[in-house]
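Reminder, nothing fancy here: chain letters follow the sequence lines and each chain counts from 1. The analysis underlying the following values was restricted to heavy atoms, covering all of them including side chains, and did not include hydrogens, waters or symmetry mates. Nothing here was measured: the structure is a model prediction, and the numbers come from that model.
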Amino acid sequence: MKYLKQAWLVLLLAIAFGAALAGVQVTWGPKIDANREQKARMQIPGILAGRPDLSAAEAADALENLLIRKLKLSVATPGGGETTYEVYAVSRKGAGGEAGWVVKAKGSGYADVIQLLVGLSPDGRKITGMAVLANNETPGLGNKIANAPFEEQFAGLNAETPVTVTKEKPPAGANGVQAISGATISSEAVSEIVNKAVEAVRAGLPALRKQLSEVNADGE
Amino acid sequence: MANDGPTPLERFLRGIIPENPVYRQLLGMCPTLAITGTMAQAMTMSGAVLFVLLCANVIISLIRGLLKPHLRILVFTLTIATFVTIADKFLAAFLPDMSEKLGPYIPLIIVNCIIICRCEVCASKQKAAAAAADAVGQSIGFGLALASIATVRELLGFGSWFGVQLFWAEGTAGEQYRWSILSQPPGAFITLGLLLGAALWIGRALENRKKGLVKA
Amino acid sequence: MDTIGSLVLVAIGAALINNYVLHYFVGICPFLGVSRRVDTAFGMGCAVTFVISIAAALSWMFTYFILQPGAPLAVAAAKLFMTVENPRSVDLSVLSYIVYIFVIASSVQFVEMYLRRFFPSLYKALGVFLPLITTNCAILFACLYIMKNVVGVGPAEQWGLVKSLVLAFFAGIGFTIAIVIMAGIREELDHADVPEPLKGPGITLIVAGILALAFLGFTGMDRKLETVFKGEQTQTTIQADNVSVELMKDKK
């Protein structure tokens with residue numbers, strides 16, 4: 001009881017601060033979640049058009065005409081275990097029609113985890129673009145994977161065969177990208193992540209389409 | 001309550017250089033090394049520290065009469081943790097990119113020795129005005145210290161300052177001259193070590209000069 | 001169940017590749033303060049390892065069962081007062097930092113009592129630095145790292161108690177390795193001719209920088225180890241029927 005008498009201040013403060021924090025959570029919580037989502041969504045128009053240098057204004061404009069549904073794709077990996085991907089099913093408003101699929105994927109890079117978005121054409125046969133969301137690669141070397149020159153190499157590649165990484169410029173017709181000089185491992189890590197994600201989405205296309213039509217049937 | 005001790009103005013001025021938290025008191029080393037890669041990160045961190053230190057100091061000062069000796073660290077910690085959470089959520093809501101870059105180092109302000117030390121030494125003993133002035137002074141000192149390190153690391157590591165590219169731009173021939181080791185952990189340690197040595201050397205030289213003048 | 005391989009990767013990552021002192025810059029204050037002699041440094045390292053493991057285990061339990069969005073105990077308690085349609089809307093994670101710092105303070109108290117009882121000489125040698133372990137950034141950093149891998153992560157990739165404990169324990173081991181190496185070097189530095197302004201923290205930081213350079217050599221080790229454990233990444237085709245899709249509801 002003696003401790004309770006002495007601790008009344010601590011308890012009072014705890015309640016007061018708890019209330020303050022609850023207020024913070026209620027006011028800013030939704031904005032924080034929206035920020036996270038927005039960061040990925042702003043990239044979608046650029047990825048589907050194969051233009052990593054799309055400006056924020058142009059992207060915002062394009063987003064107005066797009067209807068985006070977020071789906072969770074769970075894939076059983078060989079060797080037991082399961083990987084989940086967030087797939088954005090993008091279609092055009094009004095006349096409708098699929099605009100493509102954008103999948104958020106992550107994997108281990110040279111230094112830490114790399115997070116990226118890969119865009120696929122509606123039929124899943126072409127890669128429309130790639131954008132790196134987050135990376136902790138070596139500044140000046142590995143972190144060039146987030147720059148436009150590297151990202152735009154992925155636009156227009158074939159999704160039916162894996163993407164390869166070469167030190168020299170890949171010959172025309174080869175499904176490959178050129179590694180960043182001095183950052184081979186980071187470049188290879190990116191292509192690995194892209195290949196796995198593309199494979200998963202292509203395998204899941206029927207299921208994705210089915211879920212999408214169900215959702216659309218339920219009403220916008 | 002008796003208000004012995006330095007006046008608010010004295011507290012404010014002391015915090016900037018004479019009792020600089022990093023160079024003199026050697027407190028708050030963790031953020032000093034972690035987020036001084038660029039000026040933008042360093043200034044955001046000092047802004048966060050200013051907010052937390054100011055609020056914590058003022059609140060602690062207002063309730064200083066009610067603090068029991070063995071529970072006061074608990075009260076300090078609770079107050080600081082609350083304001084750090086608020087600062088963290090604020091950054092996540094309004095400066096999401098910066099929040100990601102600073103990552104786990106914002107919540108680490110909770111265990112930043114600077115803040116607990118100021119609460120203990122100043123806020124729990126003086127009126128709110130002095131505590132507030134102390135908070136602002138110490139934060140400015142901290143900010144200056146961070147700025148000194150971040151300037152060196154960003155200028156020589158990236159060739160930019162506050163994000164503005166000054167030289168050694170990417171894609172030009174100058175890019176190879178960047179000291180990219182400075183933007184990585186070893187560079188942080190070595191920069192701080194050398195700057196600390198320089199600060200001590202300058203401090204001693206000034207002291208000796210003052211002594212020399214007084215003797216003559 | 002986490003595979004042994006993933007646990008080994010986490011352990012090596014925490015101890016060597018992303019060494020808490022030399023890569024993440026946490027735990028610098030005791031690193032500079034207690035690294036004078038090898039035996040005190042080793043004792044400090046062990047104490048920190050002890051505290052970080054206890055604190056991580058406790059904070060994982062708090063996070064998993066009470067703090068995360070949709071946490072079982074929190075949802076059960078909420079159901080007593082109101083109807084809960086979406087379990088994920090019960091989100092106490094805003095209290096995380098406060099809970100963690102209290103968990104850490106309590107763990108330090110516990111370890112203090114334990115050391116005073118069973119290792120009194122170490123207790124005396126560490127002196128005032130023992131309660132200061134509460135302000136050791138490394139412990140809070142480990143708790144935050146675990147929180148990052150538990151809150152807001154899908155159940156398939158969420159970290160369990162074992163993985164979190166492994167991370168915390170080996171982070172402490174990494175801290176011990178760094179502080180003992182530094183103590184050994186500083187014992188030698190006492191006999192060297194260090195310039196006056198650099199004596200003390202200055203030269204320690206520079207030596208730490210060189211140590212960090214050395215530890216940079218561990219980068220990328222985890223990628224190779226991953227292939228060792230999982231075998232070379234062959235492009236096996238995923239069967240179309242091993243796939244499931246569901247709609248993600250936006251948290252309005």
Query raised in the report: Is the count of non-hydrogen atoms from other residues, nucleotides or ligands lying under 6.0 Å from B:L26 atom CG greater than 12?
Result: yes
Query raised in the report: Which bit of B:I181 comes within less than 4.5 Å of chain C, counting heavy atoms only: side chain, backbone, both or neither?
Result: side chain
Query raised in the report: What's the shortest heavy-atom distance between B:Y105 and C:Y24, and which atoms?
Result: OH-O, 2.6 Å
Query raised in the report: If we only count heavy atoms from C-beta on, is the B:I190 to C:L205 side-chain gap below 4.5 Å?
Result: no
Query raised in the report: Could you go step by step and tell me if B:L78 and C:I98 meet the side chain to side chain contact (heavy atoms under 4.5 Å, CB included) rule?
Result: CA-CA 7 Å; B:L78 185 57; C:I98 300 184; 3.6 Å; yes
Report summary line: Honestly, the part of C:A105 sitting under 4.5 Å from a heavy atom of chain B is neither
Query - C:I206, part contacting chain B, at a heavy-atom distance under 4.5 Å - result: both
Query raised in the report: Below 4.5 Å, heavy atoms only, C-beta onward: do B:F189 and C:V207 meet side chain to side chain?
Result: no
Query raised in the report: Most heavy-atom pairs under 4.5 angstrom with chain B, which of C:I101, C:I104, C:I203, C:L198?
Result: C:I101
**Report entry** CZ (C:F110) with more than 12 external heavy atoms under 6.0 Å
**Finding:** no
Report summary line: Cut-off 4.5 Å, heavy atoms of chain B, and the answer for C:L216 is side chain
Report task. May I ask you to test the C:L140-B:L108 pair for a side-chain heavy-atom distance under 4.5 Å? Result -> yes
Query raised in the report: Just wondering, more than 12 heavy atoms not from C:F50 lying within 6.0 Å of its CZ?
Result: yes
Report task. Select one option (side chain, backbone, both, neither) describing which atoms of C:L213 are under 4.5 Å from chain B's heavy atoms. Result -> both
Report summary line: Ranking B:T85, B:L200, B:T82 by heavy-atom pairs under 4.5 Å to chain C gives rank one to B:T85
Query raised in the report: So what's closer than 4.5 Å to chain B heavy atoms on C:L32: side chain, backbone, both or neither?
Result: side chain
Report task. Start with the C-alpha gap between B:D88 and C:Y97, add the side-chain angles, then the distance that decides, and say whether side chain to side chain contact (heavy atoms under 4.5 Å, CB included) holds. Result -> CA-CA 10 Å; B:D88 185 45; C:Y97 302 157; 2.5 Å; yes
Requested in this report: Select one option (side chain, backbone, both, neither) describing which atoms of B:A188 are under 4.5 Å from chain C's heavy atoms.
Outcome: side chain
Requested in this report: Check each atom of C:F102 against the heavy atoms of chain B and say whether the ones under 4.5 Å are side chain, backbone, both or neither.
Outcome: side chain
**Report entry** Selection from C:G209, C:G202, C:G27, C:C29 maximising heavy-atom pairs under 4.5 Å formed with chain B
**Finding:** C:G209
Query raised in the report: In terms of heavy-atom contacts, does CZ of C:F215 have more than 12 from other residues, nucleotides or ligands at under 6.0 Å?
Result: yes
Query - Engaged part of B:I80 at the chain C interface, taking heavy atoms whose separation is under 4.5 Å - result: neither
Requested in this report: Can you tell which part of C:T134 gets under 4.5 Å to a heavy atom of chain B, answering side chain, backbone, both or neither?
Outcome: backbone
Report task. Take B:L33 and C:I28, measure what side chain to side chain contact (heavy atoms under 4.5 Å, CB included) needs, and give me the verdict at the end. Result -> CA-CA 9 Å; B:L33 291 163; C:I28 300 285; 3.8 Å; yes
Query raised in the report: Any side-chain heavy atom of C:Y145 sitting closer than 4.5 Å to one from B:P104?
Result: no
